[in-house]
Amino acid sequence: MQTVSENRCFGGVQGVYTHASRATGTDMTFGLFLPAEAQDGPVPVLWYLSGLTCTHENAMVKAGAQGWAAEQGIALVFPDTSPRGEGVADHEDYDLGQGAGFYVNATEKPWAPHFRMWDYVAEDLPAVLFAEFALDHERQSICGHSMGGHGALTLAMAHPGRYRSVSAFAPICNPTGSDWGRKQLGAYLGDDESTWARHDASRVMAEAGFDGPVLVDQGSDDQFLDLLRPETLAQAMAARRQEGAFRMQKGYDHSYFFIASFMEDHVNFHAEALWG
């Protein structure tokens, strides 16, 4: 692991680091905010998974999460959204290829050699983090936006007992039923749609649910509403009587202005679960 930068931030440190990833076979970059409490021992961890076209940097710079995390004494992890670099497959469309890993393990050419973001977030990066930093692996929660909201929800529900809470901003809720999902899942996983189901948050919610609290915020003026299909997740949560809340926020869109407006709520929501 190599240090790219470290900056003092709200009494803690906002760092950016690179490491060689076994999952992707590439060098990967991530951001990590450590609150001041990390100087005295391991602190709880909140993962933040970003959306299409983003890198580790977008949420780190735009979401305004560090101040709220510092107040709560929790760390923030900002992974990248896909493998990158020479020899990594890409596509001319912004919603496929580099910057659009969709948090799955690709099985199809040309994506299979490197696009293993499920394993990267679930196994590879945690192994690095907990070996190198003062983080409490028993206290983890996860959050995400758009494509990252899809990843946060599906990863959380697939790993019972690992994450104490999960939240999402405008997640892609039903990719198997939307043009924003069928395209990517078909490209990465092939034509057998039975392999897609575990990556559809609404379907997994209906079948298994999550073993903790859930918070979802969706803007009513989101320009991608028809692609996100938030009603499918809201219905699945209600039918399952899932602990948590689905909130439609009047007038908000899909931008980081929306995320920053409700980030305090999400950090506090996770802090309650992490410290409870």
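The chain is numbered in sequence order, starting from 1. Every value quoted in this text rests on a predicted model; they were computed, and no experiment measured them.
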Novice: Is there a side chain to side chain donor-acceptor pair (under 3.5 Å) between E6 and Q14? Walk through the geometry before answering.
Specialist: CA-CA 6 Å; E6 289 183 333; Q14 175 62 64; over 6 Å; no
Novice: Taking the inter-plane angle between the rings of F262 and Y252 on a 0 to 90° scale, is it parallel (under 30°), tilted (30 to 60°) or perpendicular (over 60°)?
Specialist: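 If you compare the ring of F262 with that of Y252, the planes turn out perpendicular.
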Novice: On a heavy-atom basis, which atom in A206 and which in A236 lie closest, and how many Å separate them?
Specialist: N-CB, 4.0 Å
Novice: Taking L52 as the starting point, is it possible to reach V104 by hopping between hydrophobic residues whose side chains are less than 4.5 Å apart?
Specialist: yes
Novice: Donor-acceptor check, side chain of W196 to backbone of G190, threshold 3.5 angstrom: yes or no?
Specialist: yes
Novice: Please check this pair: side chain of S82 against backbone of G99, looking for a donor-acceptor N/O pair closer than 3.5 Å.
Specialist: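 Yes; judged by distance alone, with no hydrogens or angles, the pair exists.
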Novice: Please report the closest heavy-atom contact between M117 and P83, naming both atoms and the distance.
Specialist: SD-CD, 3.9 Å
Novice: For M248, does its backbone N or O pair with a side-chain atom of S220 as donor and acceptor, under 3.5 Å?
Specialist: no
Novice: Would the number of heavy atoms belonging to other residues, nucleotides or ligands and lying under 6.0 Å from OH of Y94 be above 12?
Specialist: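 Yes, the 6.0 Å shell around OH holds more than 12 heavy atoms from other groups.
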Novice: If you count every heavy atom of other residues, nucleotides or ligands that lies below 6.0 Å from E108 atom CD, does the total exceed 12?
Specialist: yes
Novice: Nearest heavy-atom pair of D217 and P171: which atoms, and what distance?
Specialist: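 Smallest interatomic distance, heavy atoms only, reads O-CD, 4.5 Å.
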Novice: Any salt bridge (Lys or Arg N to Asp or Glu O under 4.0 Å) pairs touching residues 199-212, not counting sequence neighbours?
Specialist: none
Novice: Can you list the residues that meet the salt bridge (Lys or Arg N to Asp or Glu O under 4.0 Å) rule with E71, with sequence neighbours excluded?
Specialist: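 None.
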Novice: Specify whether F115 and Y188 have parallel, tilted or perpendicular ring planes, treating 30° as the upper limit for parallel and 60° as the lower limit for perpendicular.
Specialist: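 F115 and Y188: parallel rings.
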Novice: Is R139 reaching over with its side chain to a backbone N or O of L274, donor-acceptor style, under 3.5 angstrom?
Specialist: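 Indeed, once roles are kept as given, a pair shorter than 3.5 Å links the two residues.
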Novice: Answer yes if M28 and I142 sit in the same cluster of Ile, Leu, Val, Met, Phe, Trp and Tyr residues linked by side chain heavy atoms under 4.5 Å apart, and no otherwise.
Specialist: yes
Novice: Give me the one residue out of D95, D226, L227 that meets side chain to side chain contact (heavy atoms under 4.5 Å, CB included) with D179.
Specialist: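 Result: among D95, D226, L227, L227 is the only option passing the side chain to side chain contact (heavy atoms under 4.5 Å, CB included) with D179.
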Novice: Could you tell me whether R247 and D265 have a side-chain N and a carboxylate O separated by less than 4.0 Å?
Specialist: yes
Novice: Do I259 and K62 come close enough that some side-chain heavy atom pair is under 4.5 Å?
Specialist: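 Side-chain contact under 4.5 Å: no.
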Novice: If you measure from CG on D124 to NE2 on H19, what distance do you get to the nearest 0.5 Å?
Specialist: 5.5 Å
Novice: Output yes when E193 and R198 qualify as a salt bridge under the 4.0 Å nitrogen-oxygen rule, no when they do not.
Specialist: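 No, no charged N to carboxylate O under 4.0 Å.
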Novice: If you draw a 6.0 Å radius around CD in Q223, do more than 12 non-hydrogen atoms from other residues or ligands fall strictly inside?
Specialist: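 Yes, CD of Q223 has more than 12 neighbouring heavy atoms, counting only those of other groups under 6.0 Å.
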Novice: Would you please name every residue forming a side chain to side chain contact (heavy atoms under 4.5 Å, CB included) with S167, sequence neighbours left out?
Specialist: C143, L215, H266, F269, H270
Novice: Donor-acceptor check, side chain of S21 to backbone of A23, threshold 3.5 angstrom: yes or no?
Specialist: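 Judged by distance alone, yes, a pair lies under 3.5 Å.
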Novice: Any donor-acceptor pair under 3.5 Å linking the side chain of T154 with the backbone of G151?
Specialist: yes
Novice: If hydrophobic residues (ILVMFWY) are linked whenever their side-chain heavy atoms come closer than 4.5 Å, directly or via other members, who joins V13 in its cluster?
Specialist: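 Besides V13, the hydrophobic cluster comprises nothing; the residue is isolated.
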Novice: Should T55 and M60 count as side-chain neighbours, where that means a heavy-atom distance under 4.5 Å?
Specialist: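 Counting from C-beta outward, T55 and M60 never come under 4.5 Å.
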Novice: Ignoring hydrogens and angles, tell me if any N or O in the side chain of R164 forms a donor-acceptor pair with the backbone of G212 under 3.5 Å.
Specialist: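 Checking the backbone N and O of G212 against the side chain of R164, no donor-acceptor pair under 3.5 Å is found.
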Novice: Identify the two heavy atoms, one from Y103 and one from T81, that lie closest to each other, and give their separation to 0.1 Å.
Specialist: OH-CG2, 3.6 Å
Novice: To the nearest 0.5 Å, tell me how far H137 NE2 sits from R162 CZ.
Specialist: 10.5 Å
Novice: Between atom CE of M147 and atom CD of Q184, what is the distance when rounded to the nearest 0.5 Å?
Specialist: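 Between M147 CE and Q184 CD, I get 9.0 Å after rounding to 0.5 Å.
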Novice: May I have the step-by-step check of salt bridge (Lys or Arg N to Asp or Glu O under 4.0 Å) for K250 and D221, ending in yes or no?
Specialist: CA-CA 7 Å; K250 185 177 180 179; D221 288 2; over 6 Å; no
Novice: Does H159 have any ring pair (Phe, Tyr, Trp, His ring centres under 6.0 Å) partners at least two apart in sequence or in another chain, and if so, which?
Specialist: W118
Novice: State yes or no: are the ring centers of H150 and F102 separated by less than 6.0 Å?
Specialist: yes
Novice: When clusters are formed by joining ILVMFWY residues with side-chain heavy atoms under 4.5 Å apart, either directly or through shared neighbours, do V16 and L125 land in the same one?
Specialist: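 Different hydrophobic clusters.
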Novice: Check residues 31-49 and write down every donor-acceptor pair under 3.5 Å in which the side-chain atom is one partner and the other belongs to a residue at least two apart or another chain.
Specialist:
unit_1	atom_1	unit_2	atom_2	d
W47	NE1	Q140	OE1	2.9

Novice: Are V121 and I172 in one and the same hydrophobic cluster, where Ile, Leu, Val, Met, Phe, Trp and Tyr link if side-chain heavy atoms are under 4.5 Å apart?
Specialist: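 Shared cluster, yes.
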Novice: Hydrogens and angles aside, do E132 and Y17 bring a side-chain donor and acceptor to less than 3.5 Å of each other?
Specialist: no
Novice: Ring-plane angle category for F30 and F133, please: parallel below 30°, perpendicular beyond 60°, tilted otherwise.
Specialist: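 It falls in the perpendicular class, over 60°.
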Novice: Decide whether L129 and I74 are clustered together by the hydrophobic rule: side chain heavy atoms of Ile, Leu, Val, Met, Phe, Trp, Tyr closer than 4.5 Å, transitively.
Specialist: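 Result: no, two separate clusters.
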Novice: Taking all non-hydrogen atoms of both residues, which atom of Q66 and which atom of C9 are closest, and how far apart?
Specialist: CB-SG, 3.8 Å
Novice: Under 3.5 Å, is there a donor-acceptor pair between the side chain of S146 and the main chain of G51?
Specialist: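 No.
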Novice: Looking at CE of M1 and OG1 of T18, how far apart are the two atoms once the value is rounded to the nearest 0.5 Å?
Specialist: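 So the CE of M1 and the OG1 of T18 are separated by 8.5 Å.
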Novice: Would you call the rings of H145 and H254 parallel, tilted or perpendicular, taking 30° and 60° as the class edges?
Specialist: tilted
Novice: How long is the gap from OG1 on T24 to CZ on R84, to the nearest 0.5 Å?
Specialist: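 Atom-to-atom, T24:OG1 and R84:CZ are 11.5 Å apart.
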Novice: What distance separates D222 CG from Q249 CD, expressed to the nearest 0.5 Å?
Specialist: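 If I round to the nearest 0.5 Å, the distance is 12.0 Å.
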Novice: Mind listing the closest non-hydrogen atom pair of G97 and W111 along with its distance?
Specialist: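 In this case the closest contact between G97 and W111 is CA-CZ3, 3.5 Å.
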